[in-house]
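Right, one structure below, let's go through it.
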Amino acid sequence: MSELLTTDFRNAPYWWDAAPLTEHPGGALAPSYDVAIVGSGYTGLRAALTLARAGRSVAVFDKERPGYGASRRNAGFLGRTLKKSYVDLKAAKGAAHASAIYRDLMMAYESTLAFIAEEGIDCHAVRCGRLIAATSAAHFAELERELLGMKADLGLPYAMLPRVRLREEMASDLYEGGAVIPDLGSLHPGLYHRGLMERALAAGVTIFGNCEVTAIEQAAGQGGERFRVTTANGQTRARDVVIATNGYTPKSLPWHARRLVPFVGYMAATEMLPPELLARQLPQRRTVIDSNLDIDFFRPAPAEPRLLFGGATANGLSDPEAIAELLHARLRRALPDLADVRLSHVWTGQCAGTFDMMPHIGCHDGIWYGMGYNFAGVPMGSFFGLKIAQKILGLPDGTSAFERGAFPTLPFYRGNPWFLPLAMRYFAWKDTKLARSRVP
Ligand SMILES: Cc1cc2nc3c(=O)[nH]c(=O)nc-3n(C[C@H](O)[C@H](O)[C@H](O)COP(=O)(O)OP(=O)(O)OC[C@H]3O[C@@H](n4cnc5c(N)ncnc54)[C@H](O)[C@@H]3O)c2cc1C
């Protein structure tokens, strides 16, 4: 085994140590449900919980063990930003649209934290703040322009940090300063998902693990059901169906698959570090993300002295040792003090991008969906799950700025993102080009 790895190395998410996946056979299928939900991540479970508490019978199906998807694999960064910048969105679609979108993002962020607090879900949710580290002087200027625009229009706080002060935040000389957004948060994604699942089960939701949904057809039933749902456990009927499969959306859902760009995200955890060594790396214990399109990101583990980090998105590797080498090189480059530490966990997860870089919520052919989170699915998945449930319940709160506009695809695209390596190279070229440009 590579010398970069600990002897107890696991090719599995670090989060599964505290929140292991469990079997959930679910028992016999009922002849019908009010709502059938495909996917047991944040989107599916938040919808399920809200519906069950409103008295609906709800079945959640996952083709793997519940929580197998990105919801127990992500970095646990809780934010209110998108890949699509606020300033660019405003220039393209106008101030009213951009501020409606960003107000929904703020609501997604705040409502997720409020939900966790109200439910008493113990998942280390904190407003730790975030450092965005600028990879060049030009990126620093771009960042300032974006944050200034958001502060002027939306009142969102930030503080720019010149290069000479970066070490207050991070033991790195790699970056040209950055910005701190003091109120952004983080959580333990595994414990958050487990808490959500426990509450959904307690509310009466039936979760069928290892039960793939293979077909959804329009078929009127006697009790007002509109759909026949075929699963690995047999057939049932449902009045409403929700697709909550994001980066794991199968080709058997062609309309959705055509609109998503699935890609792999990569993460690692270090071995336990001397606490003072870790404290020197990220003295403020914030989450860190760099300003590139091909991002690197870092955070302290919530309850142990380890660093968790990721990057090199969609690099095409699947061998854990090769992934470990690539990620470790990124770690050494940013935090050279950690050059000799070993990695205890390396894992991957499926994300979903979209052609307009925006998450989408809506209803197609009578079937609800929330997906395309572009790396912002912790708050947005929770929020869209809630919104979809409110829509099914006929509540006025169910509207969202994200449902306006088309969910775009490309001609001949069928969900196989053959262009992804080219896109990543294009992003790297764009980052370099911006880095070499003169500061505006
Ligand atoms: C490495 C990584 C880091 C990330 N970091 C962050 C972060 O820091 N902050 C953030 O906000 N977002 C982050 N994300 C994104 C975020 O995790 C996701 O957007 C979010 O978890 C999506 O939740 P979901 O419920 O929609 O889907 P998922 O949690 O992915 O669940 C989808 C489920 O659908 C199931 N499924 C698929 N097809 C079928 C079928 N036919 N029948 C039954 N079940 C099916 C799958 O098995 C899967 O369990 C990250 C993602 C990854 C991979």
Side-chain angles (χ1 to χ4, degrees), residues 13-15 21 36-48 59-83 105 108-109 112 130 184-190 192-193 196-197 207-216 229-233 241-253 256-257 260 262-268 287-289 295 297-299 308-314 323 327 346-353 359 361 369-385 388:
Y14 167 72
W15 312 115
L21 300 187
I37 297 179
V38 190
S40 67
Y42 305 136
T43 311
L45 289 185
R46 186 73 201 274
V60 174
F61 300 96
D62 203 295
K63 71 176 180 198
E64 307 284 346
R65 285 169 293 168
Y68 175 85
S71 295
R72 283 203 198 189
R73 295 169 181 267
N74 63 74
F77 287 31
L78 204 52
R80 45 170 157 62
T81 48
L82 288 176
K83 276 275 175 209
L105 283 167
Y109 172 65
T112 302
R130 182 177 303 174
L184 294 191
S186 67
L187 48 66
H188 186 306
Y192 172 42
H193 182 271
L196 191 50
M197 189 165 131
I207 301 179
F208 295 90
N210 297 309
C211 184
E212 182 174 3
V213 171
T214 52
I216 302 161
V229 181
T230 306
T231 78
N233 290 11
V241 173
V242 180
I243 307 295
T245 48
N246 199 47
Y248 295 79
T249 299
K251 301 283 189 310
S252 58
L253 294 167
H256 306 86
L260 296 173
F263 61 89
V264 181
Y266 295 82
M267 282 198 70
T287 57
V288 179
I289 191 165
I295 52 167
F297 50 93
F298 309 89
R299 64 165 289 178
L308 310 180
F309 65 103
T313 303
I323 296 168
L327 290 182
V346 162
W347 70 98
T348 63
Q350 285 289 134
C351 308
I361 180 173
Y369 63 83
M371 53 182 56
Y373 297 122
N374 290 280
F375 250 76
V378 180
M380 289 310 293
S382 312
F383 186 64
F384 279 3
I388 290 168

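First listed ligand is number 1; within each ligand, the first listed atom is number 1.
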Mind checking whether H193 and Y42 have parallel, tilted or perpendicular rings, split at 30° and 60°?
tilted
Judged by modelled atom types alone, do Y192 and S382 share a side-chain donor-acceptor pair under 3.5 Å?
yes
Check: L105 and L82 side chains under 4.5 Å, non-hydrogen atoms
yes
If you apply the rule side-chain hydrogen bond (donor to acceptor under 3.5 Å, both in side chains), what do you find for S40 with Y68, and how did you get there?
CA-CA 8 Å; S40 67; Y68 175 85; over 6 Å; no
Quick check: G69 and ligand 1, any N/O pair under 3.5 Å apart?
yes
Heavy-atom nearest neighbour in the protein, as seen from atom 23 (O) of ligand 1, with distance rounded to 0.1 Å:
S71 OG, 3.2 Å
Taking every non-hydrogen atom, the tightest pair across G265 and C351
N-SG, 4.2 Å
Among all protein heavy atoms in this structure, tell me which lies nearest to atom 43 (C) of ligand 1, with the distance rounded to 0.1 Å.
K63 N, 3.2 Å
List the closest protein heavy-atom neighbour of atom 34 (O) of ligand 1: residue, atom name, distance to the nearest 0.1 Å.
G39 CA, 3.4 Å
Residue, atom name and distance, where the atom is the protein heavy atom closest to atom 5 (N) of ligand 1:
A75 N, 3.1 Å
Between ligand 1 and A70, is the shortest N or O to N or O distance under 3.5 Å?
yes
For ligand 1 and Q350, I'd like to know whether there is a polar contact (N/O to N/O, distance under 3.5 Å).
no
Please compare N74, V60, I289 and report which has the shortest non-hydrogen distance to atom 2 (C) of ligand 1.
N74
shortest atom 26 (O) of ligand 1-to-protein heavy-atom contact is with T43 OG1, 2.7 Å
Provide the closest heavy-atom pair for V60 versus G39 in the form atom of the first, atom of the second, distance.
CG1-O, 3.6 Å
Heavy-atom contacts with P250 under 4.0 Å: which atoms of ligand 1 show up? List them by number with element.
38 (N), 41 (N)
Any atoms of ligand 1 less than 4.0 Å from a non-hydrogen atom of P379? List them with their elements.
11 (O)
Verdict with supporting geometry, V38 and V242, side-chain contact (heavy atoms from CB on, under 4.5 Å)
CA-CA 6 Å; V38 190; V242 180; over 6 Å; no
Closest heavy-atom pair and its distance - N210, R65
OD1-N, 3.6 Å
protein heavy-atom neighbour closest to atom 36 (N) of ligand 1 works out as T245 CG2, 3.7 Å
Of the protein's non-hydrogen atoms, which lies at the shortest distance from atom 37 (C) of ligand 1, and what is that distance?
Y248 O, 3.2 Å
Which option wins on minimum heavy-atom distance to atom 32 (C) of ligand 1: A244, C211, G381, G265?
A244
Can you name the atoms of ligand 1, numbered from 1 with element, that are less than 4.0 Å from a heavy atom of G349?
53 (C)
At a 4.0 Å threshold, what atoms of ligand 1 neighbour a non-hydrogen atom of V378?
9 (N), 10 (C), 11 (O), 12 (N)
Can T43 and Y373 be said to form a side-chain hydrogen bond (donor to acceptor under 3.5 Å, both in side chains), step by step?
CA-CA 11 Å; T43 311; Y373 297 122; 3.0 Å; yes
What is the closest protein heavy atom to atom 41 (N) of ligand 1, and at what distance does it sit?
V213 O, 3.0 Å
Heavy-atom nearest pair, L184 first then G79, reads CD2-CA, 4.1 Å
So if I count the atoms of ligand 1 from 1 in the order they appear, which ones are less than 4.0 Å from some heavy atom of Y42?
21 (O), 25 (O)
Minimum heavy-atom separation for V346 and A268, please, with both atom names.
CG2-CB, 4.0 Å
Does NZ or CZ of R130 lie under 6.0 Å from the centre of the six-membered ring of F297, at an angle within 45° of the ring axis?
no
When you compare the side chain of R72 with that of L21, does any pair of heavy atoms fall below 4.5 Å?
yes
Does ligand 1 have a heavy atom under 4.0 Å from the side chain of D62, from its backbone, from both, or from neither?
both
Looking at ligand 1, is there an atom of it that comes within less than 4.0 Å of some heavy atom belonging to G247?
no
Can you find an N or O of G377 that's nearer than 3.5 Å to an N or O of ligand 1?
yes
Please tell me if the side chains of V378 and N74 come closer than 4.5 Å, counting only heavy atoms from C-beta onward.
yes
Within 4.0 Å of some non-hydrogen atom of F61, the atoms of ligand 1 are 43 (C), 44 (N)
Would you tell me which option among G79, C351, P359 has the nearest heavy-atom contact to atom 52 (C) of ligand 1?
C351
Looking only at non-hydrogen atoms, which of F77, Y369, Y68 approaches atom 7 (C) of ligand 1 most closely?
F77
